[in-house]
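Everything on this sheet refers to the single structure shown next.
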Amino acid sequence: MSSATEQSTTEKAQADAGWQQWQVRYFEPGEIELIDTGKGVIHLVTEDRCWLDVRFRWCFPQSKPGRYLSISTARDDEIGVIREPAQLPKEARRICEFGIELRYFVPKITRIYKADSRAGLVYLITETDRGEKEFAVNDPRENILQPQPGRYLLQDVHGNRYEIEDVSQLDQKSQVEATMLG
Amino acid sequence: MSLVESYPDGVRDVLRDHGVAGEDFVIALESDIGPDGQFGRQWLMATPERLFVVQQENGVPEVARQLPLGDVNRAAAESMVGAGVFRVTTNGEPEELLRYSNAKGKQFGKAARKLQEIVTEGKEPFHDDDEEQSTCPSCSRPLPPDTKVCPQCINRRKTLARLFSYMMPYWKLFLVTLILGGLAMGSELARPLIMEALIDWVFTEQRPPQASSLMLGFLGALGGTNLMSQQGQHPELFVPLLLVLLGLALLGLVNGLILSRITPWLAQILTRNIRQELYEAFQRLGLKFFDKKNVGSLMTRVTQDTQSLNNLLSDALPEAFWMIGTFVIITTILLIKDWQLALIGMIPGPLVMVVAGWFFKRLMPNFRRMWSRWSRLGSVVNDSLSGIRVVKAFAQEGREIDRFSTRNDDLFQTGVTIERYFWVMMPTIGFIIGAGTLLVWYVGGGKILAGRISLGELMAFTMYLGQILPAFRWIGRLNQWITRSLTACERIFEVLDTTPEVYESDETVSVPNIEGHVKFDDVTFGYDPNKPVLKNINIDVKPGEMIGLVGPSGAGKSTTVSLICRFYAAQQGTLSIDGVDIRKISLHDLRRQIGIVLQEPFLFSGTIAENIAYAKPEATLEEIMDAAKAANAHEFIVKFPDGYDTQVGERGGRLSGGERQRVSIARAILHDPRILILDEATASVDTETEKKIQDALARLVQGRTTFAIAHRLSTLRNADRLLVLERGEQRELGTHDELLEADGLYSRLVKMQSEINEIRAVDG
């Protein structure tokens, strides 16, 4: 190999390395190992190193739930993304689900007992998959979203989130009360 | 916000078994999420020595975890999506203790800081005056954001009394409106009685069996005859009674005309006074107040809330006064005349209320849905028309039409629903009132035939009922209307009652001539105390020294200068100027001697001269020109047709970025501060303008303690020292050469910028 070709190859490798810094790093199912410390803390082992106390975040929590899971350090620096967490080995999948559950607390509303509007707030008394909950939503235009027909995402005055997966699947009274959601 | 809440006896007992008495707790907080991730309860309890997590097992509290605080290195409350996690690190190993919803986030954040203070043995004390309430202390319901006014618990009497206190200076006019209002009501209510007299004494011969002596006396005075002794019709009363009716109509007209001049004036003057007071209060409040609120909601208070107040004074209260007055008087008249017929006539009233209530309960959500859908439709139109170039560039017209069509259909559906409800409601209520009137005619007609009442009395009866029955439709709504207006008033009063920024107090120290010795001693600060954005900053700045603040975005550079301006106060550590704690320095003295030049200079509507002289209104024209000259602004200003009298437009929009910047530098030069802050002053201008601004700044910083923030590190080449920040932490401090030699973060940043500049140079 001539010295010019050698130089060109080195430059290309450097350019590739530089470019990789700006690319998302994807993990294939067999490339990573997750360790559950049993104390609500998860470690990640990749081919090059071990990452302590990592965090999980969905990249598309609304439009593609279940796909593209980002893993980052405790300082919020991204380590990489798992495209299909469902394809992970069983134990890794369990730890992933645990990590996700740690991060996301979005009760699903299964029944609306009462929805009432007063002084610009919508007050709701609901049954969720996490138990009964009474909460208030301010500025419904901003805090009650309808990403798809029949699906509602609500954020209460404290920043807590709730979801109605499909309003047409709720009982009749809940559907009438849901009129208040706009 | 207390860290020791009440807790159940079971929790107390189980901890007592672990040798802890209740009075020992420094933290006792209940979480609203149980260990199973369901809404539930668990407790974080801490004494100065130990930390406990208490959970419930089949309803019985049990200690799930206990830790000696001596083993804890760190405590933190971490925000998640819709919840938070309380974590501790013991012997270097992190662990989760419990979770809570965001409603409890602030409390657990404060608990983490308290624990941190304990485990660091007071080395990290925190000062926290953030007592923001998120739930109503009375009813525990969530409060609307940006206010502590609970719409459920508003004390109407107190709010009304306070509102009336604003009327006191105008009490005479207010009294006149009350008298005139009473007269107008009287003239309205007298009309059916006159009609009754016309029918019974003029048109027919049938007399009321028990004509009141008041009526007899009135008619006698009108006709000049003793009516009881005479039978038959009394045509002589015809014209006088018509004249009385005309008189009543005229009285109503005159009253209305006078009231139409006084009532709106009164309402407007009160609204004007309160609006003025509100605006003055805004100006006196500290920046911390504004941080927690968005500008839109504050604008709403000045515009919509004061309008709501105006509606209350000019519409709701007079309407309520009128409704309640007529209702009480008419009911009394009807009951006196014939209590049985009165009760029958009133039957439709509650029915109308119930039916109207039923319909409104269904209409209101649909109205809300309608408003919401209108606004969504508006967003689609606004988006696509504002971005029409992008729509066309990507050939997405069809997609935009589809989006509009979906929203338009939604609106159509809701509109139809509302119309259907209305079209059913109005005839239903009309029918109830009609049926009620028919019932009165039926029963009243029988009484006429039996000679127990007269035709005139029945006519008066039905006229009175006609006056009050339709009002039943709105009585239920009136309450809500007034509540809404009073809530708006209360929101205004809330601002008026907020403690203003303290410029002077007993503890303040006057520093009329600041030398410029600025010292950060272990300063920590966070806008949200749970998330410090500056951590343990230490720097001692000599008078006249120029310090460059360097670091990536979000490093805490702007926050550092905000602390120097005392827009906020440090939560830990001390910031002093000339050896005096900045919290004690008179704000007048401090702000008078600090000058600031921002990246996006804010100019007020007005002339260039007015803007330059903003901080020194008494400046002479020559001082203004000298300052502009030093700021390299004079040349471009005099080129304008109106020179220094050029209007800068809203936010200075008629000037270019570089021109605005130089006007703001002239403003700072004229202000002649001892401490100068340059926050990205040359970031948004071209190279040539930057050179001019740099020259102006070089003149400005002479002899002043200066803190300069710049992303372009070359602009800090004149700085005496550089403070390098990263994620709120102080990474490096030293001269340009020292930091390059240290080969740390600053050196890295310089290299990166050099590379970027080289790329630009090659591209260029």
Side-chain angles (χ1 to χ4, degrees), chain A residues 37-43 52-53 55-58 61 74-76 100-107 115-123 127-144 146 149 155-163 176-182, chain B residues 32-34 36-40 78-85 87 89-90 93-99 101-106 134-135 141-146 149-152 154 297 362 364-373 375-376 379 406 414 417 480 483-484 487-488 491 727:
Chain A
T37 64
K39 292 180 174 178
V41 176
I42 297 167
H43 303 323
L52 299 178
D53 194 11
R55 306 285 188 271
F56 295 84
R57 288 186 180 86
W58 290 119
R75 284 170 67 98
D76 284 343
I100 293 159
E101 197 199 314
L102 279 183
R103 175 157 182 87
Y104 293 93
F105 186 80
V106 186
D116 193 9
S117 171
R118 264 169 286 174
L121 274 87
V122 177
Y123 290 90
E127 174 74 43
T128 74
D129 62 345
R130 307 263 187 162
E132 281 195 11
K133 187 68 182 170
E134 185 176 345
F135 60 94
V137 179
N138 182 55
D139 193 358
R141 197 186 149 199
E142 290 290 321
N143 296 308
I144 300 179
Q146 222 182 322
Q155 184 162 307
D156 75 6
V157 293
H158 300 296
N160 295 319
R161 293 165 177 232
Y162 307 87
E163 181 181 0
V176 172
E177 296 293 333
T179 319
M180 192 59 85
L181 304 179
Chain B
D32 50 0
I33 298 178
D36 56 357
Q38 298 282 308
F39 288 117
E78 201 172 315
S79 294
M80 301 292 180
V81 179
V85 175
R87 294 171 145 233
T89 306
T90 46
E93 197 180 339
E95 91 174 88
E96 177 194 324
L97 289 187
L98 49 74
R99 273 185 274 168
S101 83
N102 284 343
K104 297 268 182 178
K106 280 192 170 32
S134 55
T135 51
R141 279 173 176 258
L143 288 170
D146 297 347
V149 178
C150 175
Q152 315 296 324
I154 184 169
S297 78
R362 279 148 189 80
M364 289 318 285
N366 279 292
F367 276 136
R368 266 189 38 72
R369 182 172 265 191
M370 183 90 168
W371 297 325
S372 158
R373 289 182 172 183
S375 113
R376 282 178 185 155
S379 294
T406 310
T414 315
T417 309
Q480 216 170 347
T483 301
R484 201 164 47 230
T487 307
R491 278 198 296 265
R727 299 189 196 217

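So you know, we letter chains A, B, ... as the sequences are listed, proteins then strands, and number each from 1. The shown structure was predicted, so the numbers you read here are calculated from the model rather than taken from an experiment.
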Proximity breakdown for [X] and chain B, heavy-atom pairs closer than 4.5 Å:
X	result
A/Asp116	neither
A/Arg55	side chain
A/Pro61	neither
A/Leu52	neither
A/Glu132	backbone

Check: B/Arg87 and A/Val41 side chains under 4.5 Å, non-hydrogen atoms: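 Yes, side chains in contact.
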Region of B/Leu97 that comes under 4.5 Å of a non-hydrogen atom in chain A: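 Neither; nothing under 4.5 Å.
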Against chain A, label B/Arg727 side chain, backbone, both or neither, depending on which of its atoms sit under 4.5 Å from a heavy atom there. side chain
Between A/Arg161, A/Gln155, A/Lys133, which residue shows the highest count of heavy-atom pairs closer than 4.5 Å to chain B? A/Lys133
Taking every heavy-atom pair that is under 4.5 Å apart, which of A/Arg57, A/Arg103, A/Glu101, A/Glu177 has the most such pairs with chain B? A/Arg103
List for me each residue that meets salt bridge (charged side-chain N to carboxylate O under 4.0 Å, His left out) alongside B/Arg369, sequence neighbours excluded, and say none if there are none.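 For B/Arg369 there are no salt bridge (charged side-chain N to carboxylate O under 4.0 Å, His left out) partners, ignoring immediate neighbours.
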For A/Pro107 and B/Phe39, which heavy atoms make the closest approach, and how far apart are they?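 Closest approach of A/Pro107 to B/Phe39, heavy atoms only: CG-CZ, 3.6 Å.
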Option in B/Ile33, B/Thr414, B/Asn366 with maximal non-hydrogen atom pairs under 4.5 Å from chain A: B/Ile33
If you count heavy-atom pairs under 4.5 Å with chain A, which of B/Ser379, B/Ala83, B/Gly37 comes out on top?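 With the most close heavy-atom pairs to chain A, the winner is B/Gly37.
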Taking atom [atom1] of [X] and atom [atom2] of [Y], what is their separation to the nearest 0.5 Å?
X	Y	atom1	atom2	result
A/Ile100	B/Met80	CD1	CE	12.5 Å
A/His158	B/Asp32	NE2	CG	9.0 Å
A/Asn160	B/Lys104	CG	NZ	11.5 Å

Look at the side chain of B/Asn102 and the backbone N and O of A/Gly159, then say whether any donor-acceptor pair between them is shorter than 3.5 Å.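 At least one qualifying donor-acceptor pair exists.
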